[in-house]
Structures are given as C-alpha cells and as structure tokens.
Amino acid sequence: MRRAISFVGTGNYQETSYFYGDREFRTNLFPEAVYDIFRPDVMIVFLTQAAENKYMSELNKRLAGKNWRPVRIPEGKKEDEIWEIFETITQNVEVDDELIFDITHAFRSIPLLAMISIMYLRSAKKIKLESVVYGAFEATENGRTPVFDLTPFMKLIDWTNATEMFIRTGHGRDIADLLRNAHQVAYRTDRPDGRSPPRELKNVARDIEAISNAIALARSNEVMKHALRLKNRPESYREEARYWAKPFSLLVDRIAESFVPFACDETDISGRLRTEYRIIEWLLDKNQIVQAILLAREWIVTYVIHKLGERHIQDSDLRKRIEEKMNDAMEWGDLPVDRNLLDIWSRLADLRNDAAHCGMRSNPRPYDAFIRGVREIHEELRRFAEL
C-alpha cells in the first residue's frame, strides 16, 4: 500500500502554491498538497491536541472524501513522549508499505524522529521509501513554493552503512550494488547539461566485490590483484562519483585507505610477503580468525620457498614438497630455516586442525586460548615479515 505520513503543528501556516515537478497545488496546509501531488492509497496525519484544536476542522473540510485519518501524538516535551511519538508512527505503518514521508509542518524533534523511523521501518517492516518531502516555504518566490525531495539524503545512510560494512568486515556486496545502481540510473537519466554517462563506476563496483569475495575465501592473490586494479583505476571515477554517486565520492577515500595498501604486483615476492602479512593482520583485526589461520599457514610456505631461492610460489607440487620438508625438519632439522619458524609452523598446524574440525576433538582449545594462540603466532611472524 502507498501510504503518506504527514504532520500538522500549531504554526500560522500561510497559503502558497506548492510545486513538485509538473504538479502544483495551492493551500496553507501541506498535507492537502501531499495528497493531491502523490495520490497515496491512504494518508495518516499526526497531530497534537493543540494542533487538533487549531486545524482539525479545516483538515476535515480540505480532505473530505479522501482516504485519510488523524492520529493523536503527545507534545514531545519529555523523553517518554518522544518514545511514544516514535512508537505511534511505526505502529501506523504496515509491512511492505510504500511510504511518502512529509516533514513540512513537523515540529521540535519530529523531523529527526521521522528519519529514525524510516531506518527502523525499512528493517522491521520492509517498507519501501518512495519519497521524503519538504515544502520549503522559506524558498517561496512569486507566491510559489518548491517541494524538496530529501530522499537522496536518506540514501546517504545506505552508502554510509555499506561503506562501514565493507571497511569493518570486508563484505562489499552492498556498496557494489549501490554503485552499480547509480551507474544504471545514470544511463536512464536525461542529461541536459551534455555530461557523459559514467564509465568507471561499474568497474569500481566489480573491484570492490572481487576484493570482498577474495577476502571471504582468504585468497590473497586475488585480494592483491583486485586492490592493484582499484588503485590503478583512472581518477575519472572520482569525478563520476561526485556527479552520479555523490555519497560514494564522500566515502571513497576511506575505502582507498583501507584496501589500496593490499595492492601488490604478484611477481614481487618480497612485496607480496609484506602485503600478505598486512592482510593477515587485517583479518585478525576484523575477527576473521579462520581465514587468518589459513593464510598464515600459506604465508610460511611462501616465505620458505622464497628463502630457498625459488620463484614458482604458485606451484602446488612445490608447495606440497615444502610442507613435507617442514614437517620432517621439525624432527630432523634438515631445512635451512630458523627453528623458531618451525615451532610456529607446528603450533599453527594444531590451531588449523582445531579450526578445521570445528572443535570436534577430544580436547579442543577454549575460544580465548584459541584466539590468543593465533594472535601470538601473528606477532611472532612479524620479524620474518620485516626481513
């Protein structure tokens, strides 16, 4: 159901012609304009007792024959009254509604409550936000008042949450989807200024999603490759973002600071080892412990291959032979590597087995001891990474 939410306070509202796109309606009570401009299936108008006393009779006349109803809310002068307003708003919205939210005559903290309610309802009741509108009386010229669509500012919250998710956890699908959508919208939008549509936004989306997927599987090769690709993207994508995906343009530096340090030419083995160590550190910081263990084990194998002067670090047969040699060296010591590294290898193998068997062992490590063991190994590997 398309549902319009509106508010009326006790202000002395002046008559004006509100215009939105090619629609225009003259009134002093903006809810009436909302109904005429958007034609919702139903409209809810929230009023305090004082607002009812002042405007209810007029509302009844203006909205006669239309599908609307008034709902009483408190003044909002105390914290418990603010909570009551929030609950009243959310209780008057149904699951899967399409909402038009009008904050023109809202008062005190209600515009903020409206925004918070929208975020809550999108999660709790799966509503679709059609528009957040504001009749900007202060911008009136020649008796005509523009109606501003504030919906893009709500989308800023989506961009912020998606970016935070990507930086905090490495999960990038949300922000990649937002970028792809912005790219597609640009091609469906008229461009009277002659501006060219974006070329790089969809590619940046692909890079971000690829980094995300690679991190989830601890595939350092792909993390480094796609981070390098992101680093080398033409700077034009920033200009495209400023025009077609403005929220992303404000957040792009945070993303770059987090993931561009993972960019590395895979032929540079020394650089690769340092970069992989940073990725392990990042995984631990994000509490992605199993991925950190898996990558740390492979890091040691790569390190030994490099110390032995070999170059083919992706050769699975070579890696298997190195693993066997390291296992033998723990007993016989016939591999020219630091004994401390062999000790780390042994402890890491036990942690890996504990994780791989999901604790289904006779004596699995407690969680705290498990995490402590992984972090200790990571710190001990620092010396080798620096070498």
Side-chain angles (χ1 to χ4, degrees), residues 1-16 18 20 25 27-38 40 42-60 62-63 66-94 97-125 127-140 145-158 160:
M1 178 178 289
R2 289 182 71 242
R3 188 181 304 265
I5 300 292
S6 193
F7 300 86
V8 171
T10 57
N12 295 316
Y13 306 126
Q14 304 299 307
E15 186 172 290
T16 184
Y18 290 102
Y20 182 82
F25 192 84
T27 181
N28 66 321
L29 293 176
F30 192 65
E32 186 183 13
V34 169
Y35 205 105
D36 184 82
I37 291 171
F38 290 96
V42 63
M43 184 163 72
I44 312 296
V45 180
F46 294 95
L47 314 91
T48 63
Q49 177 67 67
E52 284 185 20
N53 294 341
K54 186 168 184 176
Y55 286 113
M56 180 59 77
S57 176
E58 190 172 355
L59 280 169
N60 280 328
R62 300 290 186 85
L63 298 173
K66 296 179 171 60
N67 189 11
W68 81 286
R69 60 187 171 87
V71 173
R72 174 83 61 82
I73 55 174
E75 294 283 348
K77 294 181 178 179
K78 298 183 292 186
E79 184 177 342
D80 60 342
E81 290 185 347
I82 293 174
W83 275 109
E84 186 178 344
I85 294 171
F86 172 77
E87 290 171 358
T88 303
I89 293 172
T90 57
Q91 287 167 2
N92 280 275
V93 174
E94 301 298 329
D97 273 351
E98 295 179 31
L99 286 192
I100 300 104
F101 237 103
D102 157 40
I103 60 171
T104 303
H105 295 330
F107 52 95
R108 297 195 182 97
S109 61
I110 287 182
L112 176 60
L113 274 180
M115 299 303 181
I116 295 171
S117 299
I118 290 168
M119 289 187 288
Y120 171 79
L121 289 166
R122 288 171 69 182
S123 176
K125 295 192 176 182
I127 64 104
K128 178 182 177 182
L129 181 63
E130 181 177 326
S131 293
V132 179
V133 294
Y134 172 68
F137 189 80
E138 65 277 9
T140 299
T145 300
V147 177
F148 295 151
D149 184 358
L150 304 180
T151 315
F153 291 95
M154 291 303 303
K155 292 188 182 297
L156 179 58
I157 296 171
D158 294 336
T160 303

Item to check | Spacing of CZ belonging to Phe153 relative to CZ belonging to Phe148, to within rounding of 0.5 Å | outcome: 10.0 Å
Next on the checklist: Using side-chain contact (heavy atoms from CB on, under 4.5 Å), reason through Asn28 and Glu58 one step at a time and then give a plain yes or no.
Outcome noted: CA-CA 10 Å; Asn28 66 321; Glu58 190 172 355; 3.2 Å; yes
Checklist entry - Would you find a donor on one side and an acceptor on the other, under 3.5 Å apart, between the side chain of Arg2 and the backbone of Phe38? => result yes
Checklist entry - Is the backbone of Thr90 close enough, under 3.5 Å, to the side chain of Lys125 for a donor and an acceptor to pair up by distance? => result yes
Checklist outcome for this item: One should read off an interatomic distance between Trp68 CH2 and Glu32 CD, to the nearest 0.5 angstrom, of 11.0 Å
Item to check | Minimum heavy-atom distance between Thr48 and Pro74, given as atom pair plus value | outcome: CG2-O, 3.5 Å
Checklist entry - Is there a donor-acceptor contact under 3.5 Å from the side chain of His105 to the main chain of Phe30? => result yes
Next on the checklist: Using the rule side chain to side chain contact (heavy atoms under 4.5 Å, CB included), only one of Leu150, Ile157, Leu156 pairs with Met154; which is it?
Outcome noted: Ile157
Item to check | Residues Phe7, Ile89; criterion side-chain contact (heavy atoms from CB on, under 4.5 Å); working and verdict | outcome: CA-CA 11 Å; Phe7 300 86; Ile89 293 172; 3.9 Å; yes
Checklist entry - If you measure from CD on Glu98 to CE on Met1, what distance do you get to the nearest 0.5 Å? => result 11.0 Å
Next on the checklist: Under a 3.5 Å distance rule, please check whether Asp97 uses its side chain to pair with a backbone N or O of Leu99 as donor and acceptor.
Outcome noted: no
Item to check | Sidechain N-carboxylate O distance under 4.0 Å for Glu81, Lys77 | outcome: no
Next on the checklist: Tell me which one of Ile103, Ile37, Val147 satisfies side chain to side chain contact (heavy atoms under 4.5 Å, CB included) with Val133.
Outcome noted: Val147
Checklist entry - Is the number of heavy atoms from other residues, nucleotides or ligands under 6.0 Å of Lys128 NZ greater than 12? => result no
Checklist entry - Taking the six-membered ring for Trp, are Phe25 and Tyr35 ring centroids under 6.0 Å apart? => result no
Item to check | Lys155, NZ: over 12 other non-hydrogen atoms inside 6.0 angstrom | outcome: no
Checklist entry - Under 3.5 Å, side chain of Tyr55 to main-chain N/O of Gly11, donor-acceptor pair present? => result yes
Next on the checklist: Walk me through whether Leu63 and Leu29 qualify under side-chain contact (heavy atoms from CB on, under 4.5 Å).
Outcome noted: CA-CA 10 Å; Leu63 298 173; Leu29 293 176; over 6 Å; no
Next on the checklist: Val45 vs Met56, test: side-chain contact (heavy atoms from CB on, under 4.5 Å). Steps then yes/no.
Outcome noted: CA-CA 10 Å; Val45 180; Met56 180 59 77; over 6 Å; no
Next on the checklist: Tell me whether Glu15 at atom CD has more than 12 heavy atoms from other residues, nucleotides or ligands lying less than 6.0 Å away.
Outcome noted: yes
